[in-house]
There are 2 protein chains.
Amino acid sequence: MEVRELVYFTAVAEELHFGRAAARLGMTQPPLSRAIQQLERRLGVALLERGGRRVALTEAGAVLLRESRTVLDAASAAARRTRRAGRGDPRLVLVIKPGGDGGLLPAILDAYQTEPGALPVELVCSFGEREILLREGRADAALLHRPHHDLTGLDTQDLLTETQVLVMPSSHRLAGRTRVCLNDLAGEPLPRWPGASEGRSHGPEIHDLGQLLHLVALRRMVAVLPSSIRDQLRDDLVAVPVDDAEPTTLLLAWPEHATSPALAAFIRTAAAVAGKTTAHGG
Amino acid sequence: MEVRELVYFTAVAEELHFGRAAARLGMTQPPLSRAIQQLERRLGVALLERGGRRVALTEAGAVLLRESRTVLDAASAAARRTRRAGRGDPRLVLVIKPGGDGGLLPAILDAYQTEPGALPVELVCSFGEREILLREGRADAALLHRPHHDLTGLDTQDLLTETQVLVMPSSHRLAGRTRVCLNDLAGEPLPRWPGASEGRSHGPEIHDLGQLLHLVALRRMVAVLPSSIRDQLRDDLVAVPVDDAEPTTLLLAWPEHATSPALAAFIRTAAAVAGKTTAHGG
DNA sequence: ACAGCTTACGTGTAACGTAAAGATA
DNA sequence: TATCTTTACGTTACACGTAAGCTGT
């Protein structure tokens, strides 16, 4: 089974139309048709049901579509990681969410730089879909939150578990409370995180923390955030605990099977710093 | 990047010798050499250092070797899963260790068969490397133990956490104790699990539970096992708790991204049965 | 009759094998 | 000099495109 065949099949399976798939691939239909036939012959399985004017996936085709994506993702990640390892200039690329480091990052970076063999750390700030950068081989590690991120395919190290607080303007109807629960938020606009499933949050789409706090100050919405956000709160905002919001765990994630000693040292350092901070900080 | 290129590179990287790699691949050296050169050109990275009589991996080559294995494993698993989905005869293949089901399996199977859309369950018994069957696409789910198995690349559902007991002949010097600790076992031969790293266990290699208990009865060794093993103990053997042995968690594991409804129902059923059992059984 | 997948056929690229050359210890 | 990788060259296989054929709607 060749990568080319999987690319072809994926295109046809997604388009459910040989002509459009061929156009997308920059080729003509006949060789595409033959390639799929050959794949079916080699697998000994029908992948597509061709009706006169309707193409549909068989059960096996649906399985192969999912599996193909895994294989193709792995292949492009492999190429990217190899290229990154080959071009000199070794760095550790860490992807973070601005304001989403629980206040730990400065201490971690300082401690890591004293490690023997420490690499320069390149910080990449990104709001949405940060875990994808890891799976694509574009980054070495990421600071993520459980349960907000999908951690399949990643190894993780827990750093810090935090309760969540409601952030709102001082003039908000709930600002005087010492605690709230999720039911109190019914009808409040909540931020829409880019890339998140189109869930119930109906507020504006958010791209960075400054924007978020600004919109909260403007009474456009309120936000439920990890309590460490308090360190970065503007004077015109207040935060009160949300009793029944699930605690959030800040964690360090990296691709499975990663073996780089520099990454291992970084993980160790981060765990040590987080452990120390938790021990006397809470 | 094509699968063929990765196969070639993997062979050379493992042999560190173009001639042997070519022989292993059933081809001659020159096209192999060219294929590697082309791969290096396309990636823009040197993968191998050719000294007159010595071939070595560059750093990038080491990265690609690891990544290649991931890609190739994913590709062959994709083919196998697709074939399994294509050949009619849908079944749920569950791999277990004889005696390693914590006594839950009969109840799980009974409950599952009452589910709508339940598939026939095929049980595969295997002692070593059970998780590999999942990664290779040969099985749909497996009963494994944490921390004994490597769970990377798998999703899991915890079923049952058990303390561990020392199993020995009634005549053993420790048989009268009500509890032991790991230090008491210094010098005792312990079973060698097939596929496990060549660790400190210096006893005979074990392939099934009957053999293990037989060898224990013959005073060839003792074994530390989950306490549910007591249900299956022969009369001439005794089990006492090991105070400082890490508790073992029996769990159900399946490949990441699995989407089969039959598997989902099986997971739900297993979790429900385990929860019920734990609730009144301890 | 038309849209769309497939078969037929001719062409070019590329992968392979044999043979010869270059490089290193 | 011996061993091992690379370059050179001729052949074969395979993937692609154009054109014609077939099939449901």
Side-chain angles (χ1 to χ4, degrees), chain A residues 1-62 64-65 68 71-72 75 79 86, chain B residues 1-62 64-65 68 71-72 75 79 86:
Chain A
M1 226 174 39
E2 286 302 319
V3 166
R4 184 179 50 83
E5 298 176 301
L6 295 182
V7 172
Y8 289 3
F9 173 73
T10 303
V12 175
E14 286 175 357
E15 299 285 348
L16 292 178
H17 189 290
F18 281 75
R20 282 195 296 275
R24 190 170 115 185
L25 293 166
M27 64 191 292
T28 55
Q29 296 92 335
L32 178 58
S33 192
R34 273 190 308 251
I36 303 291
Q37 286 172 14
Q38 177 180 332
L39 183 58
E40 289 179 309
R41 252 196 323 275
R42 287 224 268 260
L43 290 171
V45 167
L47 300 171
L48 298 166
E49 282 167 12
R50 288 92 157 164
R53 194 162 301 202
R54 171 181 251 82
V55 174
L57 282 173
T58 64
E59 204 171 326
L64 184 59
L65 175 57
S68 290
V71 175
L72 296 178
Chain B
M1 225 175 35
E2 286 303 317
V3 166
R4 184 180 49 85
E5 297 175 301
L6 294 181
V7 171
Y8 288 2
F9 172 74
T10 302
V12 176
E14 284 175 358
E15 299 285 348
L16 291 178
H17 189 289
F18 280 76
R20 281 195 296 275
R24 191 171 114 186
L25 293 166
M27 64 192 292
T28 56
Q29 297 90 335
L32 178 57
S33 191
R34 271 188 308 245
I36 303 291
Q37 287 172 12
Q38 176 181 330
L39 183 58
E40 289 178 308
R41 251 198 322 275
R42 286 224 267 259
L43 290 171
V45 167
L47 300 171
L48 298 166
E49 281 167 11
R50 288 91 157 163
R53 194 161 302 200
R54 172 180 249 83
V55 174
L57 282 173
T58 64
E59 203 171 326
L64 184 58
L65 175 57
S68 291
V71 175
L72 297 178

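When reading the values below, keep in mind they use all heavy atoms of this one structure, side chains included, and skip hydrogens, waters and symmetry mates. The chains referred to below are lettered A, B, ... by the order of the sequence lines, with proteins before strands, and numbering in each begins at 1.
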Of the options [options], whose atoms approach the side-chain atoms of [X] most closely?
X: A:P30; options: D:dC4, C:dC5, C:dA8; result: C:dA8
X: B:F18; options: D:dG17, C:dC5, D:dT5; result: D:dT5
X: A:Q29; options: D:dC16, C:dG4, C:dT6; result: C:dT6
X: A:T28; options: D:dT18, D:dT3, C:dA3; result: D:dT18
X: A:S33; options: C:dG17, C:dC5, D:dC16; result: C:dC5
X: B:R34; options: D:dG17, C:dC16, D:dT6; result: C:dC16
X: B:R53; options: C:dA25, C:dC5, D:dA15; result: C:dA25
X: B:R50; options: C:dG17, D:dT6, C:dT6; result: D:dT6
X: B:R4; options: C:dA15, D:dG17, D:dT7; result: C:dA15

For the residue pair [X] and [Y], establish whether any side-chain heavy-atom pair is separated by less than 4.5 Å.
X: A:E15; Y: A:V55; answer: no
X: B:L57; Y: B:L48; answer: yes
X: A:I36; Y: A:F18; answer: yes
X: A:E5; Y: A:L43; answer: no

Find the distance [X]:[atom1] to [N]:[atom2] and express it as a whole number of Å.
X: A:Y8; N: D:dC14; atom1: OH; atom2: P; value: 15 Å
X: B:M27; N: C:dT18; atom1: CE; atom2: P; value: 12 Å
X: A:E2; N: C:dA15; atom1: CD; atom2: P; value: 10 Å
X: B:Q37; N: C:dC16; atom1: CD; atom2: C1'; value: 15 Å
X: B:E49; N: C:dT24; atom1: CD; atom2: P; value: 13 Å
X: A:L48; N: C:dC5; atom1: CG; atom2: C1'; value: 11 Å
X: B:I36; N: C:dC16; atom1: CD1; atom2: C1'; value: 15 Å
X: A:L32; N: C:dT7; atom1: CG; atom2: C1'; value: 15 Å

Backbone of B:V3 reached by a side-chain donor or acceptor of A:E2 within 3.5 Å: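 Confirmed, A:E2 side chain pairs with B:V3 backbone.
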Sugar-phosphate only, base, or nothing, as touched by B:R54 at under 4.0 Å among non-hydrogen atoms: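 Contact class for B:R54: none.
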Phosphate OP1/OP2 of D:dC14 contacted by A:Q38 side-chain N/O (<4.0 Å):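 No.
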Distance-only donor-acceptor test, B:R20 side-chain atoms vs D:dC4 base atoms, 3.5 Å: no
